[in-house]
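Order of listing sets the numbers, starting from 1, for every ligand and every atom in it.
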Amino acid sequence: MKQFKSTRTTSIRIEKIEKSFGELKALQNIDLHIKRGEFFTLLGPSGCGKTTLLRTIAGFENPDSGSISFGGQNIIHLPAWERNIGFVFQNYALWPNMTILQNIAYGLKLREIPAQEIKKQVKEVLDIVSLPGIENKFPEQLSGGQQQRVAIARAIVIDPQMLLLDEPLSNLDAKLRVSLRKQIREIQKRLGFTVIYVTHDQEEALEISDRIAVMNKGRILQIGSPEEIYEDPKDNFVADFIGKANFIKGKVTGENVFLAGSGIEIKIDSLKDSAGVIMVRPEQCLITSKTGPWHVCGTVVEQFYLGNIIRYFVKIGEKDTILIETREKLKLFDTVYISFNHYKVL
Ligand code: ATP
């Protein structure tokens with residue numbers, strides 16, 4: 001076997017995919033182009049269609065319409081087993097009555113690779129997932145994290161065209177999730193696979209991905225790099241789903257003047273007349289002094305000490321409260337002057 005490196009990995013183009021289950025439109029007008037070697041994440045709340053899209057790419061689900069091509073070749077009519085895809089499931093899906101060697105070797109046996117070569121390849125992929133020498137164990141003798149690494153080894157040993165991972169870390173505890181996601185990213189970079197990764201965890205998506213597609217109700221709302229999605233969300237849903245955000249509702253009442261619903265005037269540049277919401281992240285609210293410049297003034301009404309930051313709720317006007325995260329020490333009922341370092345008008 002070659003020095004283990006993906007040799008067949010490919011780009012993916014998805015055009016106008018639609019899929020309904022009865023009345024429910026699970027996927028609507030999905031268009032995506034994923035580059036060769038890219039780590040691409042589908043992110044969205046439960047039921048938004050992430051798994052259905054992944055299963056459609058894998059060939060486990062047939063779309064009602066639309067096309068899918070791998071490396072420029074239309075594969076929509078190919079059954080799952082001919083698509084040469086490595087799939088990693090949330091629940092590991094290892095065969096309990098087979099050894100780790102037999103589990104990983106399964107796909108190679110189907111491809112009629114000689115036994116000696118299979119052993120060599122299994123050893124190699126077990127080294128890649130940092131589990132050397134466990135060939136003769138059974139899945140139940142391994143922890144959840146180890147079982148998932150075996151599942152990853154099983155998916156990559158066939159040298160697939162791409163690796164599809166469906167919430168692979170959701171069954172693991174928080175610390176393990178963080179360390180295993182780093183390992184998955186490191187393996188992907190080293191071997192060069194195109195990866196499509198499904199998660200509903202925004203922090204995981206931001207850390208691991210080259211690009212992210214944020215989905216809701218069967219549609220893709222925005223595609224971009226982690227930075228683009230976080231800093232420049234297209235709408236309220238994306239802004240809210242990907243991290244914490246303040247949404248100050250109101251209307252433009254004059255040049256550079258936004259009147260918040262609570263009756264407070266916020267002076268802000270580059271306002272369109274149609275602006276109805278100012279979105280600002282908690283860490284982009286800087287505490288300044290009365291002599292300014294500042295965007296809004298309010299009263300500290302709640303505070304939570306979280307170690308690395310302090311979280312404050314600041315009441316502005318009658319109705320609005322904004323969340324601020326800072327290292328500054330403030331006291332309850334302090335009057336504070338806040339400047340928005342970065343904001344978005346929606
Ligand atoms: P989760 O994170 O909870 O897995 P998801 O974003 O992956 O959610 P999907 O599993 O793709 O969402 O489901 C999208 C919608 O399609 C949901 O409303 C789900 O109930 C529905 N659905 C999925 N598979 C089927 C099916 N085989 N039959 C009927 N409805 C289905």
Exercise for the section: Kindly indicate whether the side chain of F39, heavy atoms from C-beta on, has any atom under 4.5 Å from the side chain of I208. Expected result: yes
Handout entry: Neighbour list for ligand 1 [protein residues, heavy atom under 4.0 Å]
Key = F21, L24, A26, P45, S46, G47, C48, G49, K50, T51, T52, E167
Exercise for the section: Check whether any side-chain N or O of R281 sits under 3.5 Å from a backbone N or O of Y230 as a donor-acceptor pair, and report yes or no. Expected result: yes
Exercise for the section: Please answer whether the main-chain N or O of F138 pairs with a side-chain N or O of Q141 as donor and acceptor at a distance below 3.5 Å. Expected result: yes
Handout entry: No-hydrogen, no-angle side-chain donor-acceptor test under 3.5 Å, E204 and T199
Key = yes
Handout entry: E38 and R211 ion-paired at < 4.0 Å
Key = yes
Exercise for the section: Answer yes or no: is there a donor N or O on one side and an acceptor on the other, between the side chain of Q121 and the main chain of I118, under 3.5 Å? Expected result: no
